[in-house]
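As the structure lists them, so they are numbered: ligands from 1, and atoms in each ligand from 1.
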Amino acid sequence: MEKRIAVILGDGIGPEVTHQSIKVLNAIAAKYRHNFTYTYGLMGAIAIDKTGDPLPQHTIDICRQSDAILFGAIGHPKYDNDPIAKVRPEQGLLRLRKELQLFANIRPVTTYPSLHHLSPLKEKQLQDVDFIMYRELTGGIYFGKKELSDDGTEASDLCIYNKNEIERIARLAFVSAQQRRKKLTLVDKANVLETSRLWRKTVQEISSDYPDVKLDYMFVDNAAMQIIVNPKQFDVVLTENMFGDILSDESSVISGSLGLLPSASLGVSSALFEPIHGSYPQAAGKDIANPVGSILSAAMMLDYFGLYNEAAEVREAVAWTLTNGFVSQDIDPENPHYTSTIGEFASDYISNDIPPNINAKNIAFGKATII
Ligand SMILES: NC(=O)C1=CN([C@@H]2O[C@H](COP(=O)(O)OP(=O)(O)OC[C@H]3O[C@@H](n4cnc5c(N)ncnc54)[C@H](O)[C@@H]3O)[C@@H](O)[C@H]2O)C=CC1
Ligand SMILES: CC(C)CC(=O)C(=O)O
Ligand SMILES: [Mg+2]
């Protein structure tokens, strides 16, 4: 199969984690005789530095001309710490999502038994957790009108949703629930927010088209608590943009680290795949970030291409690295491995280059060589 992949490495750890995904995709391509070609575009702080624009037209063009987009992360402390900067890296990502109408952000949350003992949560809370979050991605408060008063002492952000925006992602979430455990939880703040009431009304109305799915509702403050105390109650979680942003970072604690969770952002004719984390600037260039969220995003991309066996093999390679202790310092600070080592081992596993009796404890920190 021939696929053109637009790659946006971005800022901070974006390049180093995305390079591991490319290693893994290349191993898949070689093994299954696919031809993946990569075209690179700039976005974020690096794009501002080089062009003055966080999303240059060239990047939009290559994204439109590709079959899928693989994205790292954007963001830089020089903008985070400058509240009056007018041009910001995040504007690039938000604009790209809007331009390509990437309205459905899908974030699966699973746990790995081999990591349970490293989790801050109790083992019994982690067993059998398997849910998927459908986060609306092109509407809501992130895209509403922003205002700052002339004297700079008052600010507002408008949260706006229309029925169509709610319905199109809700239908995807219902279909996902039909293919899973047939439960859909709408998370909102309908006791307070008019937009949330529109979400409830719209989702209620279309629920009759999916009679086999049990629909329930949860206020977002309660959901933030339930995700930690009883995560296995969830199957498909549907929510608006900002709530989904916050709850999915929180959900990553169940898996073990923010660095583990992948995502797919689907639109009408484009699809983008990115880990849910940001640019983690403290780790940039140190080869210590967890690449698994990015690698699993590449697996979601393979699913999107219809390459289900290949996607399953990438997930198997990741599970193998985690089970055998090839993990980064966020997972195991006592015995950490480099980002690049984990990527190499995952791709070697796919290429069948891994000796069966390999053990992380016999590997020097950061070196993909057996002692
Ligand atoms: N999609 C994107 O590109 C996003 C960009 N950002 C931007 O990223 C920058 C940093 O934001 P933060 O709030 O610090 O969020 P962040 O997600 O970059 O990092 C938060 C914390 O999560 C952990 N972490 C994140 N990714 C990790 C990885 N791969 N491996 C191991 N640990 C990891 C680290 O402990 C880190 O301090 C900001 O400029 C922000 O605007 C934030 C979220 C998403
Ligand atoms: C720029 C932010 C809205 C990105 C983010 O936090 C996310 O998509 O998870
Ligand atoms: Mg986020």
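The number of protein N, O or S atoms lying under 2.8 Å from the Mg ion (ligand 3) is 1.
Note on Arg95 versus Asp53: salt bridge recorded, some NZ/NE/NH1/NH2 to OD/OE distance being below 4.0 Å.
For ligand 2 and Glu90, the ligand atoms under 4.0 Å from any heavy atom of the residue are 1 (C).
At a 4.0 Å cut-off, not a single heavy atom of Gln91 sits close enough to ligand 2 to count as contact.
Distance remark: protein heavy atom not present below 4.0 angstrom from atom 2 (C) of ligand 2.
Only the side chain of Arg107 comes within 4.0 Å of ligand 2, judged by heavy-atom distances.
Of the inter-residue distances, the one linking Leu25 atom CG with Ile350 atom CD1 reads 8.5 Å to the nearest 0.5 angstrom.
Between Phe345 and Phe326, the two ring planes are parallel [angle under 30°; tilted spans 30° to 60°]. A parallel orientation is assigned to the rings of Tyr210 and Phe174, their planes being inclined by less than 30° (bins at 30° and 60°). Ring orientation note: the planes of His76 and Tyr79 are nearly perpendicular, at an angle over 60° on the 30°/60° scale.
Neither side chain, Ser207 nor Glu205, offers a donor N or O lying under 3.5 Å from an acceptor on the other.
With hydrogens and angles ignored, the 3.5 Å screen pairs a side-chain donor or acceptor of His34 with a backbone N or O of Met1. Remark: side-chain polar atoms of Ser21 are paired, donor with acceptor, to backbone N or O of Ser294 under 3.5 angstrom. The backbone N or O of Ile48 sits nowhere less than 3.5 Å from a side-chain atom of Thr51 that would complete a donor-acceptor pair. Looking only at distances, no side-chain donor or acceptor of Arg4 sits under 3.5 Å from a matching main-chain atom of Thr37.
For the pair Pro54 and Val87, the minimum side-chain heavy-atom distance is below 4.5 Å.
In this structure, atom 7 (C) of ligand 2 lies nearest to the protein heavy atom Arg135 NH1, 3.4 Å. Counting only heavy atoms of the protein, atom 8 (O) of ligand 2 lies nearest to Arg97 NH2, 2.7 Å.
Summarising the local packing, CD of Gln65 is surrounded by more than 12 heavy atoms from other residues, nucleotides or ligands at distances under 6.0 Å.
Within 4.0 Å of ligand 1, protein heavy atoms belong to Ile13, Phe71, Ala73, Ile74, Gly75, His76, Asp80, Glu90, Leu93, Leu258, Gly259, Glu274, His277, Gly278, Ser279, Tyr280, Pro281, Ala289, Asn290, Asp330, listed by chain and number.
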